[in-house]
Structures are given as structure tokens and as C-alpha cells.
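Below: one structure, written as C-alpha cells.
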Amino acid sequence: MEFLRRRVTVWTWVAVLAMTLSCGRAVLGSEYLIGLGSYDITGPAADVNMMGYANTEQVASGVHFRLRARSFIVAEPQGNRVVFVNLDACMGSQLVMLKVLERLKARYGDIYTEKNVAISGIHTHAGPGGYLQYVVYIVTSLGFVRQSFEALVDGIEKSIIQAHENLRPGSIYINQGELLDAGVNRSPSAYLNNPAEERSKYKYNVDKEMTLLKFVDDEWGPVGSFNWFATHGTSMSRTNSLISGDNKGAAARFMEDWFEQNSHQIKYHGRVDGDELPRRISNIIPDLLNNHHQLLEIAAAFSSTRGKAATKFSSTSRRVRSSFRQADKPHFVSAFCQSNCGDVSPNVLGAFCIDTGLPCDFNHSTCGGKNELCYGRGPGYPDEFESTRIIGDRQFRKAVDLFEKATEKLAGKVDSRHAYLDFSNLEVTVPKQGGGSEVVKTCPAAMGFGFAAGTTDGPGAFDFKQGDDKGNPFWKLVRDLLKTPGKKQIDCQYPKPILLDTGEMKQPYDWAPSILPLQIIRVGQLAILSVPGEFTTMAGRRLRDAIRAVLVNEAKKEFNGNVHVVIAGLTNTYSQYITTFEEYEVQRYEGASTLFGPHTLAAYIQEFTKLATALIKGQPTQPGPQPPDLLDKQISLLTPVVMDATPLGVKFGDVSSDVPANSTFKRGQMVTASFWSACPRNDLMTEGTFALVEFLLGGDTWAPAYDDDDFCLRFIWSRPSKFSTRSKAIIEWRIPQSAAPGVYRIRHFGASKSLMGSIGHFAGSSRAFVVV
């Protein structure tokens with residue numbers, strides 16, 4: 001295998017060299033080599049607690065749409081290169097990063113390292129958890145979940161391999177613009193504690209700017225876009241159990257489908273739901289049958305011969321989008337990346353009490369003193385799927401506008417700087433009251449009482465509330481059973497009342513990170529700040545302004561005053577929130593979740609300033625202490641799948657509740673069918689599908705039309721009880737307005753586990769039905 005990998009590496013470089021020589025003019029006309037990739041990272045769609053809300057009852061039971069890793073590589077033809085990976089996951093993971101780098105080193109040598117690879121999460125709260133290595137982040141998932149972890153490592157590696165193999169001469173364009181209606185501040189009272197003079201510089205209390213990169217291949221034209229915009233992945237609520245990329249994942253699908261549609265010369269009109277593929281089907285049908293009665297006869301005929309018409313499992317479980325792609329052209333990759341989203345909610349209608357309907361308390365986000373009654377409302381309220389679609393659609397539309405109008409070309413060096421820093425005891429120089437400066441320190445990680453109150457996106461429980469700077473005796477007693485913080489820690493974290501002293505809790509292994517990665521990636525006049533947490537709006541502004549000033553001051557001629565700085569949140573590892581010093585004093589959720597004390601932001605600004613200075617001056621940086629690899633210490637309490645079974649006389653894939661016979665549906669209506677199924681953990685269907693809608697072409701050919709990566713199709717899995725061997729899959733298809741009229745059917749794919757442990761695949765089909 002090692003010999004094979006070396007051969008692949010050699011031939012990859014030979015191919016790149018040959019391409020460079022054969023495309024000499026193109027390379028000379030282009031600043032960079034660019035490559036993009038995308039791969040499925042959906043993971044286990046059953047039994048696993050979702051990462052984000054820390055709600056033990058939020059356990060995956062199906063797929064809203066699949067999760068993906070999307071990557072871009074930018075390389076100088078004979079020089080440096082950088083990699084940015086955007087994950088449809090809650091956040092980056094230190095352990096995932098370590099293992100991805102090990103694989104890349106085995107495949108490519110020292111081309112890709114922690115210095116030039118960034119792995120960032122979009123912060124969806126609807127993906128399977130258990131893939132981080134610190135105790136506090138995997139408690140609700142019953143410890144480490146290897147399937148979640150391996151799906152991420154495999155998918156990230158494969159997306160980078162794709163991007164590497166797609167490296168070709170090309171250009172990158174950048175554009176920025178305001179998106180006004182996709183985020184509101186969920187902690188406005190904390191924001192108001194920032195100095196009035198500082199707040200007066202900004203029109204809004206959240207960042208409204210989207211920054212987009214447009215990747216253009218010299219031969220093929222546009223091949224992708226990545227953008228950064230700050231809004232939380234919490235359009236889907238803490239009660240949702242379907243895997244989903246939330247609003248950013250939805251936006252990515254909408255834009256990828258929009259581009260594919262445009263690339264086939266199909267004019268774009270009106271709303272896009274990410275469901276435009278069947279338009280292509282209608283374009284290749286010479287004489288689409290529009291007679292209602294003829295369609296019903298055809299549907300009835302196929303329903304009576306369902307088994308004979310079935311397509312083989314291996315060919316139809318592939319993703320629908322793959323069947324429409326030109327084999328020799330790189331597929332279009334669109335990523336909607338996260339930025340300083342710490343206090344930004346997509347629930348833009350505001351926060352209201354579920355008992356009275358009145359607005360929640362301004363300072364504490366409570367209702368009658370109870371935080372669990374205060375919920376934010378999305379624009380599709382009370383339908384969270386519609387809220388997800390709307391916020392995703394708004395980001396998608398802005399991205400299209402920026403994409404089509406992008407004219408500023410990135411030009412200049414490709415470079416990066418990286419350092420590991422121990423944030424539990426970092427000396428920071430800060431301004432002193434009355435003038436001068438003083439040296440302070442960060443603290444070992446700790447979470448405050450306001451953390452347990454949650455937010456308006458996902459309230460906590462019991463009698464916790466945001467803005468609590470005192471704590472209460474009962475919960476302090478409970479805390480002390482785990483770890484009693486010492487006076488030094490209490491003083492360091494002040495005014496945070498410590499609920500969990502996670503930085504000093506080491507059993508059975510570390511509860512929280514202490515060594516964090518800081519990284520700057522440069523592509524021409526763009527600087528990407530990879531931060532391992534969630535910066536609030538004002539914290540992000542301060543960091544961006546500080547680094548922009550360094551870059552401009554240190555390299556005036558090079559940048560000519562024109563430099564773009566974006567924050568890539570939740571990147572490379574996760575260390576919760578970063579607020580301003582003033583927001584920390586208020587101790588709302590974000591301040592209570594700022595792990596390393598009141599000077600955390602000052603530490604980031606100080607250390608990023610060092611990295612930026614080294615970047616511009618071409619100086620090396622000290623690597624710092626290596627973070628721990630805790631893979632061998634991980635504990636998992638998640639029970640494995642023992643076996644699957646069906647009732648007597650029933651086979652896996654048989655229909656349990658079918659589409660009504662001779663039925664006709666209109667666009668916008670819901671079609672539902674249920675099947676006898678098995679646990680989705682038996683086969684994750686990576687780059688495949690559990691659910692499929694097929695379209696009848698001609699007389700006897702079924703073509704894939706929609707799969708479980710489409711916003712309109714939902715795969716819902718359930719069993720009657722936790723330890724039951726029987727299960728069912730409900731597949732719901734909300735017929736899009738763009739669906740072509742004709743005959744359709746619903747299919748289900750799965751894998752069952754026998755008592756002896758063998759895995760067998762199955763498929764089932766509903767009756768045929770008509771869409772008019």
C-alpha cells in the first residue's frame with residue numbers, strides 16, 4: 001500500500017508538471033493553480049446524539065439532507081499552497097485534524113501540514129456528535145462515536161484528494177456585500193455593554209457583510225465559490241432529529257444546483273429550493289405525456305409489476321447529482337462558511353415566551369424568571385424547515401449576486417502562519433486604566449452559570465439564567481462534587497461564577513482543551529483568520545481591525561491599502577466562545593462560555609498580531625506545544641446494533657404503508673410511503689442515499705430525480721422502542737414547484753444486520769403515482 005501511495009504521489013506531481021508545461025500561457029495568465037473537492041460526511045443517521053444543543057433527547061433518526069466536506073486548494077505554480085475545508089458539521093475537531101494530517105502525510109509527504117490546512121465547521125446543530133476528544137463535548141453523545149469520527153476523517157481526506165487532483169490554472173475573484181435579513185443579535189444587552197464610542201462606528205449590532213470568493217478555471221470557467229457570513233446554524237431547533245446542514249448547508253445545495261442549472265442553459269426564474277434537477281429530465285423528454293388518464297394507466301401498470309421494474313441497488317443508490325455531471329469537468333463546489341457568529345441568531349423575528357407570546361426579558365432572556373420558556377422565532381415560524389429554507393435562500397441569493405458581480409482579482413503571495421498556544425496560562429499585555437499597560441494572564445478553562453441557561457436558540461433547564469454573575473449555593477454544591485475551583489481560578493475568571501472548572505478536570509481524561517491552534521491563511525490581498533471558537537460580533541470586529549492594521553502598515557506597497565480580512569470560526573478545534581472584555585462582564589451565555597477568562601480576546605489579538613507580522617515579514621513562527629492525541633483514551637457507551645428483524649411474512653424493503661392506488665398529486669403536495677427497514681448505522685450510504693424519487697422515462701426506464709440530499713425529500717427512521725429489532729422508514733416528498741409532470745415512484749435503500757453479524761442490502765419501491 002505504501003508503494004502504491006508513493007506511485008500515486010509521483011504520478012500526481014508528474015501530471016501537475018505536464019499540465020503546467022502544456023498550459024504555459026494559461027499559467028502565465030493566472031496567478032494560481034486552483035482545485036476544489038466535495039465529499040459526503042453525513043455519518044450515522046440513527047441513535048447518535050446531535051452536536052450543538054447538548055440536549056440528550058435530540059437523537060438522530062433520519063436525514064433532512066446530507067452533510068458534506070467542501071475543500072479548496074490554492075497553490076502558486078512553483079511555490080506555497082493552502083487548503084481550506086468547510087464542513088457541514090458543528091465545528092472543527094482537534095482529533096479529526098490530527099488524523100486527517102496523518103493521512104495526508106502518508107499520501108503526500110510534507111505538502112499538507114497543520115501550517116497550511118484549515119478545517120472549519122458551519123455550526124449546524126443537526127449533525128451527529130461524538131467526534132471531539134474532550135469530555136465536556138461528548139458527554140451527551142454517551143462518549144466517543146467512532147462512526148461519526150471516521151465519516152468526518154474519511155470525507156475530509158477525500159475532499160482534499162479531489163481538490164488536489166483537480167489542481168489547474170485559474171483565477172480567484174473576491175466580492176463583498178451586505179445581507180441584512182439573515183441574522184439578529186441574541187444577546188443585545190451584552191453588546192450594549194461595549195463602549196458607546198465603539199458601537200457608534202457601526203450601523204448594526206451584528207455583522208451584515210458577506211465575503212465571497214469566485215474560483216474560475218482557465219479552461220472550464222467558474223468551478224466554485226466559498227463565502228463567509230456570520231449567522232448561527234440554529235434554524236433547526238433542539239427537538240429536530242433529522243440530520244441537516246441547517247441554513248448554510250441548504251444554501252450550499254441551492255447554489256450548487258443553481259449553477260448546474262445555469263450550466264445547462266436553463267434560465268433561472270423565481271424561487272430555487274435546491275430541487276431544480278428534474279428540469280433537466282424534462283428537457284431530455286421529447287414528448288412528455290401530459291394526458292392525465294394516460295399517465296394514470298402507466299402508473300397503474302408499473303405499480304402492478306413493481307418487482308420486475310426495480311432497478312439494481314448498486315446503481316440507484318448513487319447521488320442524483322452525479323448522474324447529470326460531465327465526466328471530464330470538475331463539478332461546481334459552493335461552500336457557505338461560518339464567521340464570527342457567537343451572538344448572531346438566524347431566528348430573525350425575535351425571542352418570545354411560549355406561554356404568553358410576549359417578548360422575553362431583555363437582560364436575561366427569561367419568561368417569568370424561567371429561561372426554558374424563551375425561544376427565538378425564525379422567519380418561517382412555526383415551521384423550522386421553512387425557516388431553514390428561507391435563511392438558506394437569503395444567503396444563497398446574496399452569494400449569487402456577489403458571484404455574478406465579482407470583478408476584483410486576487411493577486412499576490414500564497415502563504416500561511418500557524419502556532420499552538422497554551423491558553424490556560426498565557427501572559428497578555430493590555431492597556432491599563434489611567435494610561436500605560438499591564439501584564440495579565442488567561443485562566444484554565446471554566447464555564448459559568450449562564451452557560452447552563454442556554455440561549456434563545458436553545459434554552460437550558462432548571463433555574464439557570466443568562467446574566468448570572470453570582471451563581472447559587474445548590475449548584476455550587478453539585479459542582480464541588482466534580483471539582484471545586486481554587487481561589488486563584490475564581491479570581492482569574494471573575495466576574496464569572498464557575499459552574500464547571502473544566503480546565504482543571506482531568507478524569508478520565510481532559511474535559512476541555514488548553515492548547516489551541518491559531519492560523520492565518522493568505523491568498524493575495526485576502527487574509528483568513530482561522531479561530532478555534534465562536535467570536536461575538538464586536539470581538540470579531542476588534543480582531544479583524546487589529547490584523548488589517550498590521551497587514552496594511554507592514555506592507556503598504558504590497559497591499560496598497562486594499563486588504564480583506566475574514567474570520568473563519570470554529571476552525572481546527574473547538575474552545576467555545578470569545579467575547580469582548582465588556583461583554584464578559586455581563587455574563588450572558590456567550591460570556592459564561594468564554595473559557596479562558598476576561599482577557600481571552602486580548603490574548604487572541606496579541607497572538608494573531610504576532611502571526612500577521614511574521615507572515616508579512618516572511619519570518620518563521622514557533623510551533624508551540626503539541627496538542628494531545630486522546631484517541632486511545634476515548635470511552636464509548638453507545639450500544640452497537642445487535643440485529644434487525646421484520647414480522648413473519650415481511651421482507652426488508654417491503655412497503656408498510658403505500659401511496660394510494662391510482663393517485664394523482666399536484667406540485668406543493670406531500671407524498672408519503674413507509675417501508676420495513678433496518679438501522680441506518682449498518683451502512684451510512686456514504687455518497688449514496690436512503691431515499692430516492694424516480695421519474696419514468698419513456699416506456700420502461702426509471703431515472704433518479706431526487707435523493708436524500710435534496711431539501712424536498714426527508715428520510716425518517718423509527719423503531720417502536722429503544723431495543724426493538726424492528727424498524728420502519730417513512731419517506732416524505734414535498735413535490736417542488738419545479739417538478740416535471742409525469743409518473744414517479746418512491747424508493748428506499750438500506751442494510752440489515754443478522755444475528756450472526758452479516759450485513760445484507762435491500763431496496764423497496766412504492767406504487768407509481770402521477771404528478772400533474
Side-chain angles (χ1 to χ4, degrees), residues 52-55 90-91 121-126 179-192 204-210 228-240 244-251 336 338-354 359-367 371-395 450-451 453-460 466-467 533-540 569-570 576-579 583 586 588-593:
Y53 288 116
N55 176 19
C90 196
M91 67 279 290
I122 63 170
H123 211 35
T124 175
H125 286 40
L179 172 59
L180 300 180
D181 54 358
V184 296
N185 197 306
R186 69 185 187 188
S187 293
S189 61
Y191 181 87
L192 287 174
Y204 306 103
N205 64 359
V206 296
D207 284 342
K208 302 288 188 178
E209 190 169 76
M210 176 183 286
W228 289 265
F229 177 78
T231 193
H232 248 78
T234 49
S235 293
M236 302 296 291
S237 75
R238 68 196 298 272
T239 60
N240 164 64
S244 173
D246 210 279
N247 55 69
K248 286 189 177 289
F336 286 69
Q338 195 55 270
S339 190
N340 54 319
C341 67
D343 52 0
V344 189
S345 170
N347 296 310
V348 294
L349 298 186
F352 297 88
C353 300
I354 59 175
C360 305
D361 171 77
F362 181 78
N363 289 316
H364 303 288
S365 295
T366 55
C367 301
N371 68 78
E372 57 264 44
L373 298 178
C374 177
Y375 279 87
R377 294 180 180 177
Y381 175 82
D383 185 342
E384 62 188 305
F385 292 95
E386 182 64 3
S387 291
T388 300
R389 185 198 66 78
I390 292 171
I391 297 297
D393 187 68
R394 289 173 181 174
Q395 291 177 79
F451 156 79
T455 72
T456 56
D457 291 336
Q466 295 190 66
E534 304 175 60
F535 275 62
T536 60
T537 298
M538 194 63 85
L570 306 120
Q576 294 176 246
Y577 285 75
I578 301 92
T579 64
E583 290 164 350
V586 176
R588 285 193 61 128
Y589 175 82
E590 295 81 12
S593 304

Between Val344 and Thr537, is any pair of side-chain heavy atoms under 4.5 Å apart?
yes
Over all atoms of both residues, closest heavy-atom pair of Tyr53 and Met236:
OH-O, 2.7 Å
Would you give the length of the straight line joining atom CG of Leu349 to atom OG of Ser387, rounded to the nearest 0.5 angstrom?
7.0 Å
Hey, could you give me the OG1/CG distance between Thr388 and Asp383, rounded to the nearest 0.5 Å?
8.5 Å
Between Arg588 (side chain only) and Arg186 (backbone N and O only), is there a donor and an acceptor less than 3.5 Å apart?
yes
Value for CD (Glu386) from OH (Tyr381), rounded to nearest 0.5 Å, stands at 15.0 Å
Straight-line distance of Ile578 CD1 to Ser593 OG, nearest 0.5 Å:
10.5 Å
Assess the residue pair Tyr375 and Arg238 against the criterion (side chain to side chain contact (heavy atoms under 4.5 Å, CB included)); give the C-alpha distance rounded to whole Å, side-chain angles, the decisive distance to 0.1 Å, and a yes or no.
CA-CA 11 Å; Tyr375 279 87; Arg238 68 196 298 272; 3.9 Å; yes
For the atom pair OG (Ser339) and CD (Glu209), what is the distance rounded to the nearest 0.5 Å?
9.5 Å
Quick one about Asn247 and Gln395 (side-chain donor to acceptor, distance below 3.5 Å, no hydrogens or angles considered), yes or no?
yes
Sub-3.5 Å donor-acceptor pair from the side chain of Lys208 to the main-chain atoms of Gly183, do we have one?
yes
Residue pair Asn371 / Ala453: nearest heavy atoms and the distance that separates them
OD1-O, 3.2 Å
Here the pair of heavy atoms bringing Gln338 nearest to Gly121 is CB-O, 3.5 Å
For Ser187 and Asp343, does a side-chain donor sit closer than 3.5 Å to a side-chain acceptor?
no
Can a donor-acceptor pair be found, under 3.5 Å and without considering hydrogens, that links the side chain of Asp246 to the backbone of Lys248?
no
Are Ser235 and Glu384 side-chain neighbours, meaning at least one heavy-atom pair lies under 4.5 Å?
no
Check step by step if ring-ring contact (aromatic ring centres under 6.0 Å, His included) holds for Tyr589 and Tyr577.
CA-CA 9 Å; Tyr589 175 82; Tyr577 285 75; 5.3 Å; yes
Side-chain heavy-atom pair Glu534, Glu590 within 4.5 angstrom cut-off:
no
Hey, does Thr455 have a side-chain heavy atom less than 4.5 Å from the side chain of His232?
no
Counting only N and O atoms by type, is there a donor-acceptor contact under 3.5 Å from the side chain of Thr456 to the main-chain atoms of Ala351?
no
Determine the minimum heavy-atom distance between Ala126 and Thr124, stating which atoms define it.
N-OG1, 3.1 Å
Sub-3.5 Å donor-acceptor pair from the side chain of His125 to the main-chain atoms of His123, do we have one?
yes
Who passes salt bridge (Lys or Arg N to Asp or Glu O under 4.0 Å) against Arg394, sequence neighbours left out?
Asp181
Restricting to non-hydrogen atoms, name the atom on Thr234 and the atom on Asp457 that form the minimum distance, rounded to 0.1 Å.
OG1-OD2, 3.0 Å
Name of the residue among Cys367, Ser365, Cys360, Pro459 meeting side-chain contact (heavy atoms from CB on, under 4.5 Å) with Leu373:
Cys367
What pair of heavy atoms forms the shortest contact from Ala251 to Gly392, and how long is it?
CB-O, 3.3 Å
Just by distance, do the side chain of Gln466 and the backbone of Gly454 share a donor-acceptor pair under 3.5 Å?
yes
Step-by-step side chain to side chain contact (heavy atoms under 4.5 Å, CB included) determination, Asn340 to Asp207
CA-CA 8 Å; Asn340 54 319; Asp207 284 342; 2.9 Å; yes
